[in-house]
Structures are given as structure tokens and as C-alpha cells.
Amino acid sequence: MPVYDLDHVTLGVRHLYESAERLRRETGLRSHEGGWLAVMPTAHRVIPLPGDAFINVESVIDHHAELPPEIGAFRTWFEETTRRGDHWMTWNLRARSYADLEDVARRFGGEVVTAPGALRPDGTSSTTVMAPGNAALTWARGLPNWYYHEDLDQHPARRAPMTHERPLLAVAWLELGGDPAEVEDHLGPETFRALPLRFVGGTPGLRGLGLTTEDGAEIAIRAASGAAGLAELAAR
């Protein structure tokens with residue numbers, strides 16, 4: 001099986017701008033405008049990380065839009081969850097080729113989903129290319145989806161290069177709950193060995209992200225996982 005790379009992790013927050021600024025004060029990590037989604041009432045800011053990965057800091061921005069029932073239920077869940085504090089919503093991998101992404105879709109009996117991505121204040125937009133396409137198979141179980149970026153120069157981690165207040169060297173670890181065997185089966189053994197994963201027990205989902213800085217220090221960002229709530233939402 002191919003080896004896949006870490007693409008991004010999503011941190012759900014109550015107030016997009018205050019939370020991004022709070023993270024900067026606490027960690028020295030700067031962010032840039034990521035844009036908003038036309039089909040979801042959310043927007044995000046991007047914290048670039050080494051290895052063409054990023055933290056997607058995301059919040060609800062439209063609390064009153066008339067939405068289809070399933071999206072309205074998601075908005076309500078997101079608002080109620082982040083009102084209780086920051087939550088890790090998802091973590092996601094990146095396929096190195098479109099063929100690898102197609103392999104992911106076949107393996108899970110899903111599909112490659114191509115959809116409009118973020119709209120940005122400068123008038124540009126992105127396209128999301130993802131598999132297997134069913135959040136109940138992945139995010140609700142605390143497991144990743146896969147993304148493909150044809151032009152990595154337009155990847156969110158590269159579009160606005162920045163030096164953090166504490167320059168970064170590497171993603172040191174991802175802290176996960178759940179069963180390591182289930183995660184390995186989902187990722188494939190090659191990727192499981194290649195990623196800096198460590199397990200803390202308890203319910204599935206991302207719990208923490210560790211970064212090493214150029215001066216040898218470590219930045220740790222921890223939050224509760226939203227996976228269990230996503231599973232309840234998917235079941236409804």
C-alpha cells in the first residue's frame with residue numbers, strides 16, 4: 001500500500017479570530033485567512049506546519065442562515081460543541097497521486113468527491129478532492145479522510161508562507177484515542193509506521209498535536225475530540 005502524508009487537522013472553535021489570536025499568544029503560531037465554505041456556515045484560518053501540513057482553525061460564522069436539515073443539524077452540533085471549548089474535529093491524510101486517492105475510495109467502497117472548497121477574500125477559491133467521501137466511515141470514528149492536491153504550490157500550507165514566532169522544525173506527534181489496531185487497519189501498515197502516532201487510550205479521535213521548534217523546544221496543543229459527537233450526529 002502507498003504511504004500517505006499528514007495533510008491537516010481541524011480544530012473547532014467558538015470564535016474564529018479570537019481563538020486564532022489566543023493560539024498565537026499561547027504558542028507563537030501565526031495564521032492566515034483560509035476562507036469560508038459556500039455550502040457550510042463555517043470559515044477557517046490556516047496555521048502552516050512543516051511537511052506541507054496545517055492546522056485548520058474553524059468556526060461557525062453564519063448562525064441564522066436557512067440550511068438543509070442535515071447541514072442545520074451539523075451547525076447546531078458544532079455551535080454546542082465549541083461552546084464547551086475547543087475540540088479536534090478531524091485529522092486528515094494526503095495522497096501523493098490521484099491514483100492513490102482512487103485506491104482509497106475503492107478500498108472503502110466509497111468515491112472520490114470533488115467539490116467547491118474555500119472562498120477567499122481576495123476572490124480566489126479552491127477545490128476539494130477527497131475520499132472515501134462518507135464521514136460516518138472516517139471522522140465519526142475518529143479516523144482520517146484522504147485529500148489530493150494537484151498543485152502543492154496552492155496548498156493551504158504553502159499559499160501564504162510565514163515564519164512563526166517560534167519557528168518550527170517538525171510535527172513531532174499526533175496523540176490519538178482508540179484502538180491502535182483499528183487505526184493501523186484504516187491507514188495501512190506503511191502509513192501507520194511512517195506517521196508519528198502515539199496512543200492515550202479512551203474513546204477514538206485526535207487528542208493532541210506536538211510540534212518541535214528550531215530551538216529544540218516543543219509546542220503541544222491538546223483539546224477534546226469531537227468524534228463521539230459526530231458519531232451521534234451521524235446516527236441521527
Side-chain angles (χ1 to χ4, degrees), residues 1-12 34 37-40 42 44 51-56 58 68-71 73-75 77-78 87-118 125-152 154-157 174 176-195 197 199 203-207 209 225-236:
M1 293 177 62
V3 173
Y4 302 102
D5 304 305
L6 178 66
D7 190 69
H8 67 278
V9 296
T10 297
L11 184 66
L37 298 176
V39 296
M40 284 285 182
T42 61
H44 62 277
D52 292 323
F54 65 97
I55 303 172
N56 188 48
E58 186 168 355
E70 64 276 11
I71 297 178
F74 170 80
R75 176 179 62 188
W77 169 80
F78 198 113
H87 280 69
W88 293 113
M89 298 301 189
T90 71
W91 64 290
N92 300 282
L93 303 181
R94 182 173 61 251
R96 298 177 182 178
S97 71
Y98 190 83
D100 287 347
L101 193 69
E102 290 179 315
D103 286 343
V104 168
R106 281 193 292 270
R107 182 158 67 93
F108 289 97
E111 59 182 345
V112 174
V113 176
T114 301
S125 61
S126 65
T127 299
T128 296
V129 184
M130 179 183 69
N134 184 347
L137 292 173
T138 53
W139 295 334
R141 296 168 55 206
L143 299 169
N145 269 338
W146 282 258
Y147 287 71
Y148 173 65
H149 301 267
E150 184 175 13
D151 182 1
L152 271 179
Q154 294 303 310
H155 188 275
L174 293 171
L176 302 175
D179 180 1
E182 182 181 13
V183 176
E184 181 175 6
D185 183 64
H186 186 81
L187 305 184
E190 294 83 357
T191 301
F192 184 83
R193 289 192 295 266
L195 292 176
L197 305 179
F199 291 84
T203 57
L206 181 64
R207 306 293 183 76
L209 172 71
S225 171
L230 277 172
E232 293 175 5
L233 183 66
R236 296 201 301 268

Within a strict 4.5 Å, meaning less than it, do heavy atoms of the [X] and [Y] side chains meet?
| X | Y | value |
| --- | --- | --- |
| L6 | P144 | no |
| V9 | N92 | no |
| V112 | Y98 | yes |
| E182 | L143 | yes |
| P132 | T138 | yes |
| W88 | L209 | yes |
| E232 | W77 | no |
| V3 | R96 | yes |

Approximate separation, where rounding is to 0.5 Å, of [X] [atom1] and [Y] [atom2]:
| X | Y | atom1 | atom2 | result |
| --- | --- | --- | --- | --- |
| L230 | R141 | CG | CZ | 13.5 Å |
| L37 | S125 | CG | OG | 11.5 Å |
| T128 | Y148 | OG1 | OH | 14.5 Å |

Do T10 and E58 have side-chain N/O donor and acceptor atoms under 3.5 Å apart?
-> no
Would you please say whether a donor-acceptor pair under 3.5 Å links the side chains of H149 and D7?
-> yes
Would M89 and T42 satisfy side chain to side chain contact (heavy atoms under 4.5 Å, CB included), going step by step from the backbone distance to the final call?
-> CA-CA 13 Å; M89 298 301 189; T42 61; over 6 Å; no
Among F192, W91, W146, ring-ring contact (aromatic ring centres under 6.0 Å, His included) partner for Y4 = W146
Could you report the tightest heavy-atom contact between [X] and [Y], atom names first, then the distance?
| X | Y | answer |
| --- | --- | --- |
| G178 | P180 | O-CD, 3.5 Å |
| A53 | A157 | O-CB, 3.3 Å |
| P204 | S225 | O-OG, 3.6 Å |
| G34 | A118 | O-CB, 3.4 Å |
| E184 | P189 | OE2-CB, 3.6 Å |
| A227 | G205 | CB-CA, 4.3 Å |

With sequence neighbours left out, the residues meeting ring-ring contact (aromatic ring centres under 6.0 Å, His included) with Y147 are H8
Test applied, side chain to side chain contact (heavy atoms under 4.5 Å, CB included); reference residue, [X]; option that passes from [options]:
| X | options | answer |
| --- | --- | --- |
| V183 | T191, L197, L195 | L197 |
| F199 | D179, L176, L174 | L176 |
| M130 | V104, N145, T114 | N145 |

So, do H87 and F78 have ring centers that fall under 6.0 Å from each other?
-> no
Can you establish whether the number of heavy atoms outside E70 located under 6.0 Å from its atom CD is more than 12?
-> yes
Do side-chain atoms of R107 reach the backbone of D103 as a donor and acceptor pair under 3.5 angstrom?
-> no
